[in-house]
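Report on one structure; see the data block that follows.
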Amino acid sequence: MKVIEYALKGEPVTVNVVETPEDLPAFRDFVESNPVLGFDTETTGLEWWSPGFHCRLAQFGNATEAFVLPVELGPDYSDATRWALRKAHRLIAHNGTFDMHVSERCVDSPLEVLAPRILDTKLLAHLVDPRAVREAGPGLKLEELIKFYVDPKAAEEVKGSIAALAKKYKVKKEEIWSKVELFDPDYLLYAGMDPVWAYRLFHILLPKVPARSLKYGLVSWEHRLAHIMAKTERTGYLLDESYARARISELRADQQKWETAAATHGVENVNSNQQLIDTFTDLGVKLKKRTKPTPNNPHGQFAMDDDVLSSIGHPLAEAVVRAKKAGKWRKTWFERAIKGLDENGRVHGSVNSCQARTARMTVTGAIPALTFPAGDGYVRGMFLADKGEVSVSIDFSNMELRVMAAASGDPVMLEAFRKNEDLHNLTAIAAFGPMPPGVEKHPMRKAGKGTNFTVCFGGGWKAVSDQWGISPEDAKKAVKAFWGTYTGVKRFADKLQREARRTGYIYTATGRRLPVDRDRAYAALNYYIQSSARDITARAVIELDRAGYTPWIRLVIHDEIVFSFPRERAAELTEKAARIMEMTFKGLLIPADGEIGEQSWGSVLDLENSKH
DNA sequence: TTCATTACGTA
DNA sequence: CGTACGTAATGAAA
């Protein structure tokens, strides 16, 4: 046994490194006398589904002592790890989802065994304070949390140790995990300290979890959700590889064509805004729109976005837009998916089940599904339901506006939803007078719709005008009418703002505490709505899991859940799943509707009457 | 290599 | 006083 000593705020921490099977009894004693343990793994990378992936080290620890097991060296150590994972009553891990995949894949300890034992400091940290570092919050990464809650100096050392290791081996930071020698003392110390950090962090964070969040059961609720999302990550999504490859060649040809066109106008690099600004200036184009001022550039520079380029009306502008788009779509959607393929032809997104300030989920990596273009099935067409199954999308209708109506108890808005009236028409009528006879849609419905959404997002008349192409006069009129008509919403928004200004926080319907910057108190309404909506979707996922639907779930996207259902039972399962997802929020039904496609997800969007 | 900035895709 | 994200790319700073 090799022993490494570390001083944490003057307090000694011992890292025991198991080197031979003879060292294992001491490890077993340690596990038996510590029913609650910090747990972490070191692996060759992050892509746990990829063929070459393996676990290198497994680490267990309490506040002052840790054991490091060289799992890479063979079954003696993976067996001991598996034993410890079952023996421990609770395992504290930071982002335990990842370690669950590792244990399942590398030490034959199924997700289902580990999940009920995991206490995830990332989830706890989010309940305490969900803000990222850039929002002046603690952040959610382990190193950020150590810096904020434990010891800034130690956090610097952790960060520095990885950088130094990468430098020593002359590789990029991301490559160090597979290249570093297993018994490198710096690596072992870093690895051994991780479960100690997690253990300490847990005990610091738990007392900070808001009482109301505890009372509403959010801690176990989030763990349960994380477990379900880990299962959907494991399931992955079947990829139509030939479809993806066909789109890649198509887009590459397209990109080349438009880059050549741009080159004839003297632009070598369509992605260089500086080149474009120079060229258009030479061509006599008067640029006006500027980017936002920054400390380094107080006046901003000329903007070169789609808005500007399409208003120029020059063939070069069109070539630039098309070339950039073709390149980015190819790389971001199709090549990413191909790169993420496992040996079974499936791709696995990485789900952060509780990520945004409002706790919204994100999906990153090989399936950045939250940003797939939504107009048609072009990108989504590469994702397939399993053999013999069809793609189904079930989404909540008007979830955020319904949450706004229900949470505020506004009688006008509630009545509109209960009678299934068109809320956008209603706002238009309030602002611009009654519907002309014989029409279904108010001529100013677009202004009504823009106002409803913009107010929900915390915006004012200027935002309605800019984003929805409404004249400033009409936008002012519509926003004024909104607040005058839906007085309950007004009272609710004011109440939230007062709470935010007074305490710095608001609480959502599920007992979640959300920090609100005092100088942006207008955001409080949106935080409440967005976060409550997220929890309604999360509740739907949990209920679906209870009913046995998890193996059919492919993706969860804010207010939509995508399934792969057996073809013969698709109609029945879609109906049942939609009824499971639906819930009554403060007396108002949030309805869910399903659409059944063919095998590809894209086919759902290409349905004739698709609402997408 | 890393960071800030710009742009663009979604709910 | 529109919210919340992730990804790709440039160009400068380290």
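Reminder, nothing fancy here: chain letters follow the sequence lines and each chain counts from 1.
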task = Assign Gly365(A) to base, sugar-phosphate, or nothing according to its heavy-atom contacts below 4.0 angstrom with the strands shown.
result = sugar-phosphate
inquiry  = Between the base of dA4(C) and the side chain of Arg534(A), is there a donor and acceptor pair under 3.5 angstrom?
reply    = no
ask   = With a non-hydrogen cut-off below 4.0 angstrom, is Ala303(A) in contact with a base, only sugar-phosphate, or nothing?
value = sugar-phosphate
key: Any strand: nucleotide that pairs with dC1(C) via Watson-Crick or wobble, under 3.5 Å   = none
ask   = How is Lys331(A) classified with respect to the nucleic acid when contacts are heavy atoms under 4.0 Å: base, sugar-phosphate, or nothing?
value = sugar-phosphate
message = Taking the six-membered ring of Tyr378(A) as reference, does the cationic atom of Arg380(A) (NZ for Lys, CZ for Arg) lie under 6.0 Å from its centre and within 45° of its axis?
response = no
inquiry  = Mind checking if Gln301(A) touches a base, just sugar-phosphate, or nothing, with heavy atoms under 4.0 Å?
reply    = sugar-phosphate
query = At under 4.0 Å between heavy atoms, what does Phe453(A) touch on the DNA or RNA strands: base, sugar-phosphate, or nothing?
reply = nothing
inquiry  = OP1 or OP2 of dG11(C) versus the side-chain N and O atoms of Ser272(A): is any pair under 4.0 Å?
reply    = yes
task = Could you check whether Thr364(A) gets within reach of a base, just the sugar-phosphate, or nothing at all, counting any heavy atom under 4.0 Å?
result = sugar-phosphate
task = Classify the nucleic acid contact of Arg357(A) as base, sugar-phosphate or nothing, counting any heavy atom under 4.0 Å across all strands shown.
result = sugar-phosphate
inquiry  = Tell me if the centroids of the rings in Phe280(A) and Phe302(A) come within less than 6.0 Å of each other.
reply    = no
message = Using a 4.0 Å heavy-atom cut-off, does Asn297(A) contact any base of the nucleic acid, only the sugar-phosphate backbone, or nothing at all?
response = nothing
ask   = Has Lys339(A) got more than 12 heavy atoms of other residues, nucleotides or ligands less than 6.0 Å from its NZ?
value = no
task = Check every strand shown and say whether Met304(A) touches a base, only sugar-phosphate, or nothing at a heavy-atom separation below 4.0 Å.
result = sugar-phosphate
request  = Verify the neighbour count for atom NZ of Lys147(A): are there more than 12 heavy atoms of other residues, nucleotides or ligands below 6.0 Å?
outcome  = no
message = Using 30° and 60° as the class boundaries, would you call the ring planes of Trp333(A) and Phe372(A) parallel, tilted or perpendicular?
response = perpendicular
ask   = So what does Asp466(A) touch, heavy atoms closer than 4.0 Å: a base, only the sugar-phosphate, or nothing?
value = nothing
inquiry  = Any base atoms under 4.0 Å from Arg134(A), or only sugar-phosphate, or nothing? Heavy atoms, all strands.
reply    = sugar-phosphate
